[in-house]
There are 2 protein chains.
Amino acid sequence: MGIPLRQLEAFHAVCRAGNVTKAAQSLGISQPAVSRLLATFSGSVGFELFKKEGGRMVPTPESAFLLREVERLLENLDNIGRLSIDLADRRAGHLRIACLPGFATSHLPQVLAGFLEDRPRVRVTLEPDRPERILEWIIDEHYDCGISDELSTHPMVESRLVGMRTVCILPLGHRLAARSEIRPEDLIDERMVHTRRDSAFFLQLNEAFATRGLNLDSRLETRQFTAACMLVAAGAGVSVVSEMDAREYEGRGLVLRPFVPQIPHRLVLLLPSGARSSMVALDFLEVFEASLEPFRIR
Amino acid sequence: MGIPLRQLEAFHAVCRAGNVTKAAQSLGISQPAVSRLLATFSGSVGFELFKKEGGRMVPTPESAFLLREVERLLENLDNIGRLSIDLADRRAGHLRIACLPGFATSHLPQVLAGFLEDRPRVRVTLEPDRPERILEWIIDEHYDCGISDELSTHPMVESRLVGMRTVCILPLGHRLAARSEIRPEDLIDERMVHTRRDSAFFLQLNEAFATRGLNLDSRLETRQFTAACMLVAAGAGVSVVSEMDAREYEGRGLVLRPFVPQIPHRLVLLLPSGARSSMVALDFLEVFEASLEPFRIR
DNA sequence: CGTCAGTATAACAAAATGTTATTGTTTTCA
DNA sequence: TGAAAACAATAACATTTTGTTATACTGACG
């Protein structure tokens with residue numbers, strides 16, 4: 001059978017203290033208790049643990065050799081104690097996030113940094129990818145939560161929809177910057193930067209033009225709002241993007257104006273369904289959702 | 001207080017087995033015992049340890065995180081168990097040997113290799129140096145045993161004297177090789193290779209010449225018998241050295257002949273006094289002493 | 001030599017860990 | 001669906017480990 005832990009603790013304490021009495025004090029138990037633990041331990045290992053040397057208990061070469069291992073063990077145990085407290089407080093664990101590429105660079109880093117500030121033992125894996133892959137990853141439970149823009153109907157995934165406000169962005173000094181708000185008809189002569197033609201957001205935007213009998217001049221297509229921001233700032237055209245992303249790039253050559261009608265960008269937060277999530281993941285998603293509040297519709 | 005080890009063992013066993021009953025079997029105890037350990041553990045850490053998933057106990061993300069640490073701990077404990085057995089069997093430990101430089105290359109390696117063969121967990125540090133330093137090191141307990149050629153009177157050091165047979169060595173084809181034994185008078189016209197002028201062995205050798213009214217022709221002085229062997233083999237002269245070293249170099253251009261009178265080379269084995277030695281060190285010294293037997297006087 | 005600090009031993013109390021018996025739960029499968 | 005089977009939880013109690021206090025032993029030291 002294994003060696004009783006208490007014996008190792010006693011052995012360690014005596015090595016450190018140099019005598020049984022002080023060791024007992026440091027363990028918060030009585031001296032005879034330590035004496036006996038030691039005697040039992042010595043009996044079971046089969047060699048002398050200590051030599052008495054001028055009133056001090058000095059480890060024999062053998063037990064000195066053992067001591068190093070025992071110290072490692074006790075440190076390890078200590079670590080487990082603290083870790084389990086952190087886990088209970090949701091201050092430790094592994095948080096695996098799959099997100100749209102745009103988030104990996106623009107809004108998420110701030111939120112994540114804040115989240116980790118008082119959770120020093122949380123380890124994070126951040127994986128940016130396309131929505132279909134994000135969904136797969138959540139289903140396979142390779143990731144704990146996903147930030148995407150496509151709703152899922154998969155039974156193993158719980159998705160939470162968040163409607164995000166969008167704005168029209170213009171390069172600095174653009175003629176339309178004089179307007180207090182922008183409408184589809186203002187943009188008919190503009191080169192538009194927009195998301196993929198098959199994206200839900202583009203379809204809605206296009207619809208806004210179509211119902212007014214207007215044609216959206218599609219020139220530049222990109223997956224990410226962040227890329228659209230950079231393109232507009234560089235003078236490549238104008239765009240309608242999530243206000244959150246626009247704010248991130250404000251001051252770098254962008255002008256923001258309300259777009260009417262308001263077209264929501266549907267963000268989707270994904271979780272494995274059925275309470276299989278880690279507590280840290282749940283906490284994180286809560287924090288993340290709160291961070292979206294200023295840019296949310298209603 | 002620390003987490004009781006048994007709870008960690010139970011937790012680990014259930015994670016591996018996937019259900020409490022098998023875990024109990026693997027621990028060799030009853031199922032209710034494991035159930036309770038688990039319940040207590042869960043209560044004290046403050047979070048759920050398992051989710052039941054189709055008849056299997058699956059760790060929650062939190063406890064999966066803990067599990068890795070627990071596994072390390074248990075491995076560590078296992079290791080301590082085996083280590084203490086090895087230490088008791090004198091099959092583990094650290095053996096620090098300080099020796100004369102000659103031994104580091106000529107006789108010791110063989111002996112050491114044999115010694116370590118069935119003591120795979122013994123770690124060795126071998127430090128060749130001059131006799132004075134060897135003594136210091138033993139006194140300071142930086143080394144467990146010393147192989148030297150100077151007796152010590154230091155109270156903290158126990159020294160054991162071993163008289164070693166010496167022989168005269170000649171280069172192959174030397175005129176004296178015809179003799180069955182060599183005497184001082186045979187060597188008066190020879191260039192002598194010998195140990196340091198202030199070494200005990202040289203003084204004895206010189207004495208053998210002096211009492212016969214002869215003069216030892218000192219040409220080549222070296223600390224080591226092994227070096228003397230190489231020099232003689234190379235035709236640099238003749239010498240009187242420990243038979244043990246001579247045998248080591250026999251067949252490499254050396255001829256051995258008895259030297260009369262027999263002058264013992266006094267080897268000295270050193271140990272820290274007062275039973276402060278590790279058991280491995282004592283074992284080693286015993287083995288080493290035995291290895292000297294064939295070359296010992298009487 | 002007696003004192004003192006420290007260690008070991010004895011006798012017993014409390015806590016942890018084990019047991020068997022039994023009762024709830026799920027899962028599985030006819 | 002519902003009964004059998006498999007498994008987990010609980011209860012009541014035995015055993016072992018770990019703790020306690022009281023006291024005897026031991027070696028270092030003035």
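Just the heavy atoms: all of them, side chains too, but no hydrogens, waters or symmetry mates, feed the values below. Each chain gets a letter, A, B and so on, in the order the sequences are listed, and its residues count up from 1.
For the contact set between residues 10-21 of chain B and DNA chain D, defined by any heavy atom under 4.0 Å, the members are B/Asn19, B/Val20, B/Thr21. Residues from residues 33-40 of chain B placing a heavy atom under 4.0 Å of any atom in DNA chain C, listed by number, are B/Ala33, B/Arg36, B/Leu37.
Between A/Ser159 and A/Leu151 the shortest heavy-atom distance is OG-CD2, 3.7 Å.
How far SG of A/Cys145 is from CG of A/Asp283: 11.0 Å, rounded to the nearest 0.5 Å.
Side-chain contact, A/Thr21 with A/Gln25: no donor N or O sits under 3.5 Å from an acceptor N or O.
Atom pair A/Phe41:CZ and C/dT7:C1' shows a separation of 19 Å (rounding to whole Å applied). Rounded to whole angstrom, the span from the CE atom of B/Met57 across to the P atom of C/dT25 amounts to 16 Å. Put simply, CZ on A/Phe50 is 18 Å from C1' on D/dT26, counting in whole angstrom units. Taking atom CZ of B/Arg56 as the reference point, atom P of D/dC7 lies 12 Å away to the nearest angstrom. For A/Ile3 and D/dT18, the CD1 to P distance is 13 Å, given to the nearest whole Å. Following rounding to the nearest Å, A/Leu8 (CG) and D/dT18 (P) show an atom-to-atom distance of 11 Å.
Among pairs with a residue in residues 75-99 of chain A, none fulfils ring-ring contact (aromatic ring centres under 6.0 Å, His included), at least two apart in sequence or across chains. Pairs of residues two or more places apart, or lying in two chains, that qualify as ring-ring contact (aromatic ring centres under 6.0 Å, His included) and include a residue from residues 42-72 of chain A are A/Phe11-A/Phe50.
Heavy atoms of other residues, nucleotides or ligands lying less than 6.0 angstrom from CD of A/Glu71 number more than 12. Atom CZ of A/Arg16 is surrounded by 12 or fewer heavy atoms from other residues, nucleotides or ligands within 6.0 Å. Enclosure of atom CZ in A/Arg72 is not indicated, since only 12 or fewer non-hydrogen atoms of other residues, nucleotides or ligands lie within 6.0 angstrom.
Which of D/dA8, C/dT19, C/dT17 sits closest to the side chain of B/Gln31 comes down to D/dA8.
Although no hydrogens or angles enter the test, the distance criterion places no donor-acceptor pair under 3.5 Å between the side chain of A/Ser273 and the main chain of A/Glu158. At least one donor-acceptor pair closer than 3.5 Å links the side chain of B/Asp144 to the backbone N or O of B/Arg96.
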Identify each donor-acceptor pair in which a side-chain atom of residues 130-142 of chain A lies under 3.5 Å from a protein atom, sequence neighbours left out, and give them as a table.
| residue | atom | partner | partner atom | Å |
| --- | --- | --- | --- | --- |
| A/Arg130 | NH1 | A/Glu132 | OE1 | 3.1 |
| A/Glu141 | OE2 | A/Arg276 | NH1 | 2.3 |

Kindly give the atom pairs (protein nitrogen or oxygen, nucleotide nitrogen or oxygen) under 3.5 Å for nucleotides 13-16 of chain C.
none

